[in-house]
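All ligand and atom numbering here is 1-based and tracks the order in the structure.
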Amino acid sequence: MTDLKKLSLLKTSSYINGQWQQGKADLAVVNPANEQTITHIVNAGITQTEQAVLAAQQALPAWRAKSANERSKLLRRWFELMMENQDELATILTLEQGKPLAEAKGEIAYGAAFIEWFAEEGKRIYGDVIPAPSADKRILVLKQPVGVVAAITPWNFPNAMISRKAAAALGAGCTFVVRPATQTPLSALAMAELAERAGIPAGVFNVVVGSDARAMGKVLTQHPAVAKFTFTGSTEVGKTLIAQCATTVKKVSMELGGNAPFIVFDDADIDAAVTGAIASKYRNAGQTCVCTNRIFVQDGAYDAFCAKFIAAVKQLKIADGMQDGSQIGPLITRSALDDVHKLVTDSVQRGAKIALGGDVDKAGHNFYQATVMTDVTNDMPIAKNEIFGPVSPIIRFSDEAEVIKQANDTDVGLAAYFYARDIGRIFRVAEALEYGMIGINEGLISNAAAPFGGVKQSGSGREGSHYGLDDYLEIKYLCLGGIGAKT
Ligand code: NAP
């Protein structure tokens, strides 16, 4: 049992304008591994969300006016504190989200890397000088922070989905308000505690925690003081929030759902493909937006891949994330598990076969067995929907053109993966896949240096890399006239 009293980063109320909100803590935060209450938080609502927006508005002029170097130093300190407290942050994350502790530590390092990255990138926000069409003018371009940024984030990466946005916003000179998912407020609050210890001024980074997503979301998407809204979550909710942002014409970026194909061609290195598929499918119990959702295997590689893949999946240890060696933790809720199981059973009714797993695991109510399905076709529910669980549907195919057509036959386009050695094929397939990110002979593609984001209904905008700042900057054009030569 974790001794909660030893967790100095365990905070239980919203952090607004550098203050921890007072109130009765009566909203339970539940550990998905055992369904027991970890702690209670003070349930914020519309009023506190408005206060947070106003705090960010008031803090903006001073934060924007700091030099990039000053902001960089504060972000750098925040990064260092995250890494110094990696173990404690990971413990809090595993308790509220369920992922294995080793993975949670990985998420903290991944999340912190964005803060380190944007501490540096913020110093490289360059403008431009463009040759003017007439001799007596000059065209100058400035890049300036958009202003107050509001964010709503999901439960599957309670730390990194916040740091990816907040670090870019703060590095660009914006102030920030985030409302994390109801299931995972504690990781967000722990980040606020470290932001405070790092010396980030009051009002620059605010966290509002509460259960009324709809009402709080309305404030964040419609308040006139918010200049930009950024969301990570499902495509369905994203569409609603984009519509809400239209009323005040906010700058919007969206990181939404995926349905990643993972294609194994005949010329693939099968062992590497098995390793890549395990990493991209079973991480976070299959609850990531870039998780492999459909595995396509070409005829010539099919038998060897299936045999090796099933053998490898069988080895995965399903257990409470706090247990040593756990590789697959619980799903976030019982209803999430029911949704996954329904996709499996509906597809079995349509002719899919269970090669491994296919049911609730003995580890507990919220644990689903590591599952592999064969004889799947691209029109079955398990292939059409984002699974968000530890289930691998395998679809057999014969030729390249056919698999590209099937891989692209979806409204979303976040991540795709394929394994092949032929260089011509690598270029053809990479160019033809309608996805924002492609892993070629690689199952893990996310890092702070790379532009993360999708096409089609997977969203708009990019997080990470030097492109990640663009969403937090406005371009201002200065036309300087009257420069003509003196006679
Ligand atoms: P979700 O239902 O869309 O929830 C995401 C966030 O939106 C939560 O904070 C949720 O609050 C809030 N929310 C829900 N309805 C809302 C409303 N009407 N107004 C304002 N806020 C609202 O998504 P999820 O199912 O929890 O998360 C998984 C989804 O996120 C998947 O589709 C996954 O692919 C996607 N995702 C995408 C990325 C990416 O970078 N593209 C990364 C991670 C996850 P409550 O918790 O209170 O419901």
Under 3.5 Å, which donor-acceptor pairs link side chains of residues 164-172 to any protein atom two or more places apart or in another chain?
from: R164; atom 1: NE; to: E463; atom 2: OE1; distance (Å): 2.8
from: R164; atom 1: NH1; to: Y110; atom 2: OH; distance (Å): 3.0
from: R164; atom 1: NH2; to: E463; atom 2: OE1; distance (Å): 3.2
from: K165; atom 1: NZ; to: T230; atom 2: OG1; distance (Å): 2.8
from: K165; atom 1: NZ; to: T232; atom 2: OG1; distance (Å): 2.8
from: K165; atom 1: NZ; to: E463; atom 2: OE2; distance (Å): 2.7

> Going by distance alone, is a donor N or O of one side chain under 3.5 Å from an acceptor N or O of the other, for Y472 and S253?
Replying inline: no
> When you measure from atom 35 (C) of ligand 1 to each heavy atom in G233, A160, G257, which option holds the nearest one?
Replying inline: G233
> So, Q97 and N284: side-chain donor and acceptor under 3.5 Å apart, yes or no?
Replying inline: yes
> If you measure from each heavy atom of T240 to ligand 1, is any distance below 4.0 Å?
Replying inline: no
> With a 4.0 Å cut-off, would you call E474 and K143 a salt bridge?
Replying inline: no
>> Using a 4.0 Å heavy-atom cut-off, which part of K218 comes near ligand 1: side chain, backbone, both, or neither?
In response: neither
> Do K239 and Q457 have a side chain donor and acceptor closer than 3.5 Å?
Replying inline: yes
Sequence neighbours excluded and cut-off under 3.5 Å, please list the side-chain donor-acceptor pairs for residues 408-416, or say none.
from: N408; atom 1: OD1; to: E434; atom 2: N; distance (Å): 2.9
from: N408; atom 1: ND2; to: A432; atom 2: O; distance (Å): 3.0
from: T410; atom 1: OG1; to: V412; atom 2: N; distance (Å): 3.2

> To the nearest 0.5 Å, what is the distance between OG (S163) and CD (E116)?
Replying inline: 12.0 Å
>> Would E386 count as a polar contact of ligand 1, with the cut-off being nitrogen or oxygen pairs under 3.5 Å?
In response: yes
> Using heavy atoms and a threshold below 4.0 Å, how should the contact between E236 and ligand 1 be classified: side chain, backbone, both, or neither?
Replying inline: neither
> Under 4.0 angstrom from atom 4 (O) of ligand 1, is there any protein heavy atom?
Replying inline: no
> Side chain, backbone, both or neither: which part of V290 has a heavy atom under 4.0 Å from ligand 1?
Replying inline: neither
>> Residue-level breakdown please: for L414 versus ligand 1, do any non-hydrogen atoms fall below 4.0 Å on the side chain, on the backbone, on both, or on neither?
In response: side chain
> Using a distance-only test with no angle check, is there a side-chain donor-acceptor pair under 3.5 angstrom linking N43 and S211?
Replying inline: yes
> How does M437 reach ligand 1, by side chain, by backbone, by both or by neither, if only non-hydrogen atoms under 4.0 Å count?
Replying inline: neither
> Is the shortest N/O to N/O distance between R164 and ligand 1 below 3.5 Å?
Replying inline: yes
>> Distance under 4.0 Å to a non-hydrogen atom of W155: what atoms of ligand 1 satisfy this?
In response: 24 (P), 26 (O), 27 (O)
> In ligand 1, which numbered atoms sit nearer than 4.0 Å to a non-hydrogen atom of N156?
Replying inline: 43 (C), 44 (C)
> At a non-hydrogen distance cut-off of under 4.0 Å, which region of V237 contacts ligand 1 (side chain, backbone, both, or neither)?
Replying inline: side chain
> For ligand 1, which atoms sit closer than 4.0 Å to a heavy atom of R214?
Replying inline: 19 (N)
